[in-house]
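Letters go in sequence order (proteins before strands), and every chain restarts at 1. Just the heavy atoms: all of them, side chains too, but no hydrogens, waters or symmetry mates, feed the values below.
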2 protein chains.
Amino acid sequence: MQLFYTPDIDPKLSQYFLSEEESKHAVRVLRLNVGDEVTLIDGKGGLYKAEINDAHPKRTILQINSVTTEYQKRNHFLHIAIAPTKNLDRIEWFLEKATEIGIDEISLVICQRSERKEAKVERLDKIITSAIKQSIKAYHPKLNAPVAFNQFVQQGFEGDKYIAHCAHGEKSDLAQSFKKHGRYMIMIGPEGDFTPAEVEMATKNGYRALTLGESRLRTETAALEACFEVNFLNR
Amino acid sequence: MQLFYTPDIDPKLSQYFLSEEESKHAVRVLRLNVGDEVTLIDGKGGLYKAEINDAHPKRTILQINSVTTEYQKRNHFLHIAIAPTKNLDRIEWFLEKATEIGIDEISLVICQRSERKEAKVERLDKIITSAIKQSIKAYHPKLNAPVAFNQFVQQGFEGDKYIAHCAHGEKSDLAQSFKKHGRYMIMIGPEGDFTPAEVEMATKNGYRALTLGESRLRTETAALEACFEVNFLNR
């Protein structure tokens, strides 16, 4: 079943024109013909069943046959703030897998010990788009451009806020204490961990220290562990 | 703290000679000197604190100062059997992340719908070795060479056996029912899923169908999800 990401689709209309790029892909690469069925996802929960009316290589016309809103709507809200890794492959891997497992928002946070001080959101967003198409999710997770730790940690967030760090100290454990169907923010630090000053600032801003188990995890693995725990506990 | 993987070390001896390759790395790359402390892991639970006695670039001599056996011994046994992915990067990611999170044995299983019919164990094993060094684990997960599904599924295994597949049907859910501190075998199929015949054969051999949640996961993501679940439930 061929799937297209069409964030600009109007759910009230019964017809949709694929972009020039997608039309070319549909007709020249996928070799779709009049009558062939396709699925569209709008990134906002809408899943559309459509069929090809005109297989034009520059302006393919689709007839919308059905619309499902709130398709597989998630039962909780998860926001992970992660220090982008030096090696971009690793953060790309995290974005793909977190999207498959389930996530609502990702923020990139530049910490004192961050080895990577910037990251191109556009390129990373494409990873997420590919992942929602591959795993057939109608909601497109939101990816925020990098901001400094101090700025991020002072931003408001309605819900339970956690900071996962590697130093000793009392920490919450989602395995012990967890409220289902909530809103969760989890911060994951860079390869060298958050500094004590960063942890203290987070604590002052309502973040609780969090453990992700006994193992020593890479940044992207820790972020995925957090994603896994929240989704699993909300099953 | 510099760490070396020394599977051939004799825990009874108080001295150890690094291999030529590791000696060159220790002296020329890491620039270690007499008196510098290093850590050795033997892959069988042994973690050794040692120091350099002779920083020879071809035959570095270490003095063993302390030995910890059963270092962070795991409280359960997890064996994941996975169909190797077409793209080797993906299975390599899985091996690295599963080793970080915690795993005891991995088998590569060639299924009817497998797009990859072979895989070089030596190269994949190096990924695991790097991961145990990076995450400081004294046990080296065992990686088995590819075997055909029919052969694998008939092999004995003491413990709970599961096959995770995507077709409809009654399935166990570890979130609902789980015995801690056990022995678990979980089979993960190829990109096109196990065939009904394969699932039936597994069932006949004592495997129970398993769900890994509602999301549609790639092979390597499903395998890591299984790894997460077992480790998390055993926390």
(message) What part of A/Leu233 gets within 4.5 angstrom of chain B, counting heavy atoms only: side chain, backbone, both, or neither?
(response) side chain
(message) For A/Lys24, is the NZ atom crowded, meaning more than 12 foreign heavy atoms sit under 6.0 Å from it?
(response) no
(request) Step through the shown structure and confirm whether more than 12 heavy atoms of other residues, nucleotides or ligands are within 6.0 Å of CD on A/Glu37. (result) no
(request) Hey, could you give me each pair passing ring-ring contact (aromatic ring centres under 6.0 Å, His included) that has a residue in residues 85-121 of chain A? Not counting sequence neighbours. (result) A/Trp93-B/Trp93
(message) Given 3.5 Å as the limit, does a donor-acceptor pair link the side chain of A/Glu100 with the main chain of B/Arg218, or not?
(response) yes
(message) So which residue, A/Leu174, A/Asn231, A/Asp173, ends up with the most heavy-atom pairs under 4.5 Å with chain B?
(response) A/Asp173
(request) Scan for side-chain hydrogen bond (donor to acceptor under 3.5 Å, both in side chains) pairs involving residues 131-143 of chain A, sequence neighbours excluded, and state none if there are none. (result) A/Thr129-A/His140, A/Lys137-B/Ser215, A/Lys142-A/Asn144
(request) Only counting residues at least two apart or in another chain, list the ones meeting salt bridge (Lys or Arg N to Asp or Glu O under 4.0 Å) with B/Arg123. (result) B/Glu92
(request) Nearest 0.5 Å please: distance from the CD atom of B/Glu96 over to the OG1 atom of A/Thr221. (result) 6.5 Å
(message) I'd like to know if B/Arg235 pairs up with A/Glu214 as an ion pair, taking the criterion as any Lys NZ or Arg NE/NH1/NH2 lying under 4.0 Å from an Asp or Glu carboxylate oxygen.
(response) no
(message) Do B/Leu224 and A/Lys97 have side chains that approach each other closer than 4.5 Å (heavy atoms only, starting at C-beta)?
(response) no
(request) Count the heavy-atom pairs under 4.5 Å between each of B/Gln72, B/Glu220, B/Gln176 and chain A, then report the option with the highest count. (result) B/Glu220
(request) Flag the pair A/Phe228 / B/Phe232 as yes when their ring centroid distance falls below 6.0 Å, and as no otherwise. (result) yes
(message) So if I take each residue of residues 73-90 of chain A and look for any heavy atom under 4.5 Å from a heavy atom in chain B, which residues do I end up with?
(response) A/Asp89, A/Arg90
